[in-house]
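First comes the structure, then the notes that go with it.
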Amino acid sequence: MFEEYKDILTIDDVAQMLGIGKNNAYNLVREGKLHAWKIGRAWKTSKESVIYYVKSNTKTYDSP
């Protein structure tokens with residue numbers, strides 16, 4: 001999953017990976033839903049954190 005991305009990601013990377021806007025990616029960090037840290041003025045996160053976020057927020061539905 002997400003093999004084409006580096007291990008350390010920017011907010012732009014996260015937005016592209018999840019198919020969301022940068023503001024939504026920042027909101028995920030601000031709300032604590034995606035673990036990240038700040039280096040200078042730039043937010044960074046790990047690819048593992050994004051994969052964990054996706055897996056933990058994936059819902060399965062029983063088919064009728």
Side-chain angles (χ1 to χ4, degrees):
M1 180 181 286
F2 302 124
E3 289 83 14
E4 66 272 19
Y5 291 95
K6 296 179 181 180
D7 291 336
I8 303 299
L9 307 166
T10 65
I11 291 294
D12 287 333
D13 294 331
V14 172
Q16 185 178 17
M17 291 169 82
L18 298 178
I20 60 176
K22 281 174 47 173
N23 287 337
N24 284 334
Y26 279 116
N27 286 340
L28 291 175
V29 171
R30 213 171 303 142
E31 295 168 1
K33 295 178 179 177
L34 182 64
H35 298 282
W37 63 94
K38 204 169 186 182
I39 299 177
R41 295 180 64 184
W43 283 96
K44 302 288 183 177
T45 190
S46 67
K47 181 167 49 173
E48 275 185 11
S49 291
V50 176
I51 291 169
Y52 177 80
Y53 170 78
V54 169
K55 287 183 176 181
S56 65
N57 286 284
T58 300
K59 301 201 181 337
T60 57
Y61 297 96
D62 296 327
S63 56

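These values consider heavy atoms only, across backbone and side chains, with no hydrogens, waters or symmetry-generated copies.
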Contact summary for [X] and [Y], nearest pair of heavy atoms:
X     : Y     : value
Ile39 : Lys44 : CD1-CG, 3.9 Å
Asp13 : Tyr5  : O-CE2, 4.3 Å
Lys6  : Lys47 : O-CB, 3.7 Å

Flag, side chain of [X] to backbone of [Y], donor-acceptor distance under 3.5 Å:
X     : Y     : result
Ser49 : Thr45 : no
Gln16 : Val14 : no
Ser46 : Ile8  : no
Lys22 : Ala15 : no
Asn24 : Ile20 : no

Rounded to the nearest 0.5 Å, what's the gap from CG on Leu18 to CZ on Phe2? Could you check?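 If I round to the nearest 0.5 Å, the distance is 6.0 Å.
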I want to check something: taking the side chain as every heavy atom from C-beta on, are Trp43 and Thr10 in contact at a cut-off of under 4.5 Å?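 A side-chain contact is absent here, since even the closest heavy-atom pair is not under 4.5 Å.
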State, with a plain yes or no, whether a side-chain heavy atom of Tyr52 is found less than 4.5 Å away from one of Leu34.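 They are not in contact (no side-chain heavy atoms under 4.5 Å apart), so the answer is no.
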Tyr26 vs Ile11, test: side-chain contact (heavy atoms from CB on, under 4.5 Å). Steps then yes/no. CA-CA 7 Å; Tyr26 279 116; Ile11 291 294; 3.6 Å; yes
